[in-house]
Amino acid sequence: MESKGQVANGGLPAGAGSDQIPNAKPQKPLALILFGPPGSGKGTQSKLLLKTLDFPQISTGDMLREHVRRGNAVGTKVEAKMKAGILVKDEVVNRLVEERLAQPNAARGFILDGYPRTRAQAETLCGMLAGRGAEAVVIHLVVDYNEVIARLTGRRQCPVCGTLYNLKFKPSKVPGVCDLEGAALIVRDDDREEVIRERLDAYQNQTKPLIEYFREKGKRLYDVDASSEPPEAVFQKILALIQ
Ligand code: AP5
């Protein structure tokens, strides 16, 4: 594991690099937590933010889906729960995040998309952040229930480049085909209406209470209206809050 000093300046010796101020206070790594219900735009905003911040997106949903696609031990363990819209076990996601945060490109900062989702995950994350001397900023994407249903039932994704589309809000130029890759767009297994309701229940009962937890812990937490404006406008609001 890297020491705090190495993490803070990307592994360079203090003062290395022509534009560094010798003995300048090292910047803390930033843990940007995108928080909100299914369909609030966590994935969409992560993809916009990672280009500007040059931070990796750490999406527990994407990591779990990749394990399912590979059919390995983790994938086999979580597949049925994901299809049913139920949260997978804390120890499984905590281990995935811990391993991902140990990779060098997460040393300056990272975007957490879909994690933490339970109190046990939030407590584990706080421990991981303290160990890295990282500062957490929580962006709570606020979207109303009916909007979320419309977004998720209309979501389509490119299996090659991951670009997200929406039948209503962001259609591809040719229906069902990715503008960039020409690949046939896919519908996620858990974007059926009855599963969406299950996922929203899990959010309401297990995840939403974390807002209070973040407040108790004194984390920087911002509510951002993500219901009424297009993704680019929401992105600008987030940037203004974190810069
Ligand atoms: P995960 O993959 O994390 O899904 P989710 O949280 O349900 O969130 P989504 O990916 O559905 O939505 P999003 O907020 O990213 O919205 P998006 O940008 O795609 O989790 C899936 C499953 O994995 C869970 O159910 C659970 O089983 C398991 N899991 C994952 N993490 C876990 C954890 N930590 N613990 C336990 N289990 C875990 O946008 C949605 C649509 O809206 C798109 O079509 C998009 O184009 C459109 N859109 C976005 N923004 C706007 C806008 N401003 N205006 C109009 N349309 C918009």
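Just so you know, these numbers use all the heavy atoms, side chains as well, and skip hydrogens, waters and symmetry mates. Source: prediction; values computed, not measured. Atoms within each ligand, like the ligands themselves, are counted from 1 in listed order.
Note: no N/O pair closer than 3.5 Å links Phe169 and ligand 1 by distance alone. For Lys42, a nitrogen or oxygen atom sits less than 3.5 Å from a nitrogen or oxygen atom of ligand 1, counting backbone and side chain alike. Residue contacts with ligand 1: Pro116 is placed with no nitrogen or oxygen under 3.5 Å of a nitrogen or oxygen of the ligand (distance criterion only). The N/O atoms of Tyr165, backbone and side chain alike, include one that comes under 3.5 Å of an N/O atom in ligand 1.
Side-chain contact between Gln157 and Thr163: absent, with no pair of heavy atoms (C-beta onward) separated by less than 4.5 Å. Between Pro116 and Ile33 there is a side-chain heavy-atom pair separated by less than 4.5 Å.
The option with the heavy atom closest to atom 15 (O) of ligand 1, from among Gly114, Gly43, Ala80, Ser228, is Gly43. Closest heavy-atom approach to atom 42 (O) of ligand 1 within the set Arg156, Arg151, Glu229: this belongs to Arg151. Proximity annotation for atom 35 (N) of ligand 1: of Gln157, Arg188, Glu147, Gln121, Gln121 comes nearest, heavy atoms only. Looking at Gly85, Gly41, Pro38, it is Gly41 that brings a heavy atom closest to atom 16 (O) of ligand 1.
Per-residue contacts place Leu152 under 4.0 angstrom from the following atoms of ligand 1 (heavy atoms of the residue considered): 11 (O). Residue contact check: Arg65 has heavy atoms under 4.0 Å from atoms 2 (O), 21 (C) of ligand 1. Of all the atoms in ligand 1, the ones that sit under 4.0 Å from a non-hydrogen atom of Tyr115 are 34 (N). Listed by atom number, the atoms of ligand 1 under 4.0 Å from Pro37 heavy atoms are 14 (O). Residue-ligand proximity, Pro230 to ligand 1, at heavy-atom distances under 4.0 Å covers atoms 53 (N). For ligand 1, the atoms sitting less than 4.0 Å from at least one non-hydrogen atom of Ile86 are 26 (C), 27 (O), numbered in the order shown with element in parentheses. Using a 4.0 Å cut-off to heavy atoms of Asp190, the atoms of ligand 1 that qualify are 21 (C). Numbered from 1 in the order shown, with element, the atoms of ligand 1 that lie under 4.0 Å from a heavy atom of Leu164 read 18 (O), 19 (O).
When hydrogens are left out, the protein atom nearest atom 11 (O) of ligand 1 is Arg199 NH2, 2.5 Å; that is the closest non-hydrogen contact. The protein heavy-atom contact nearest to atom 28 (C) of ligand 1 is Leu64 CD1, 3.7 Å. Regarding atom 18 (O) of ligand 1, its nearest protein heavy-atom neighbour is Thr44 OG1, 2.6 Å. Among protein heavy atoms, the minimum distance from atom 31 (N) of ligand 1 is reached at Thr60 OG1, 2.8 Å. Protein heavy atom closest to atom 19 (O) of ligand 1, with residue, atom name and distance, is Arg155 NH1, 2.6 Å. Protein heavy atom nearest atom 6 (O) of ligand 1, with residue, atom name and distance: Arg117 NH2, 2.6 Å. Nearest protein neighbour of atom 37 (N) of ligand 1, counting heavy atoms only, is Val88 N, 3.1 Å. In this structure, atom 12 (O) of ligand 1 lies nearest to the protein heavy atom Gly39 N, 2.9 Å.
Under 4.0 Å is where a charged nitrogen must lie from a carboxylate oxygen, and between Asp113 and Lys42 no such pair does. Using a 4.0 Å cut-off between charged nitrogen and carboxylate oxygen, Arg70 and Glu66 count as a salt-bridge pair.
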Trace of the side chain to side chain contact (heavy atoms under 4.5 Å, CB included) decision for Gln57 with Leu34: CA-CA 10 Å; Gln57 170 194 14; Leu34 293 184; over 6 Å; no

Pair Arg65-Arg188, side chain to side chain contact (heavy atoms under 4.5 Å, CB included): steps then yes or no: CA-CA 10 Å; Arg65 276 185 290 278; Arg188 253 169 60 174; 3.2 Å; yes

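Under the 4.0 angstrom criterion for non-hydrogen atoms, Gly36 is not in contact with ligand 1.
Judged by the 6.0 Å distance and 45° axis criteria, Lys170 is positioned over the aromatic ring of Tyr165.
Side-chain polar atoms of Tyr222 and Arg220 form a donor-acceptor pair below 3.5 angstrom. At a cut-off of 3.5 Å, with distance as the only test, a side-chain donor of Arg197 or Tyr145 sits close to an acceptor on the other residue. Between the side chains of Asn146 and Arg151, no donor-acceptor pair of N or O atoms lies under 3.5 Å.
Counting heavy atoms of neighbouring residues, nucleotides and ligands inside a 6.0 Å radius, atom NZ of Lys47 exceeds 12 of them.
Atom OG of Ser40 and atom CD of Gln45 lie 9.0 Å apart (nearest 0.5 Å). Taking SG of Cys158 as the start and CD of Glu181 as the end, the distance is 5.5 Å to the nearest 0.5 Å.
Remark: Gln236 pairs with no residue by the side-chain hydrogen bond (donor to acceptor under 3.5 Å, both in side chains) rule, at least two apart or across chains.
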Enumerate, atom names and distances included, each donor-acceptor pair closer than 3.5 Å involving a side-chain atom of residues 85-93, sequence neighbours excluded.
| residue | atom | partner | partner atom | Å |
| --- | --- | --- | --- | --- |
| Asp90 | OD1 | Thr118 | OG1 | 2.8 |
| Asp90 | OD1 | Gln121 | NE2 | 3.0 |

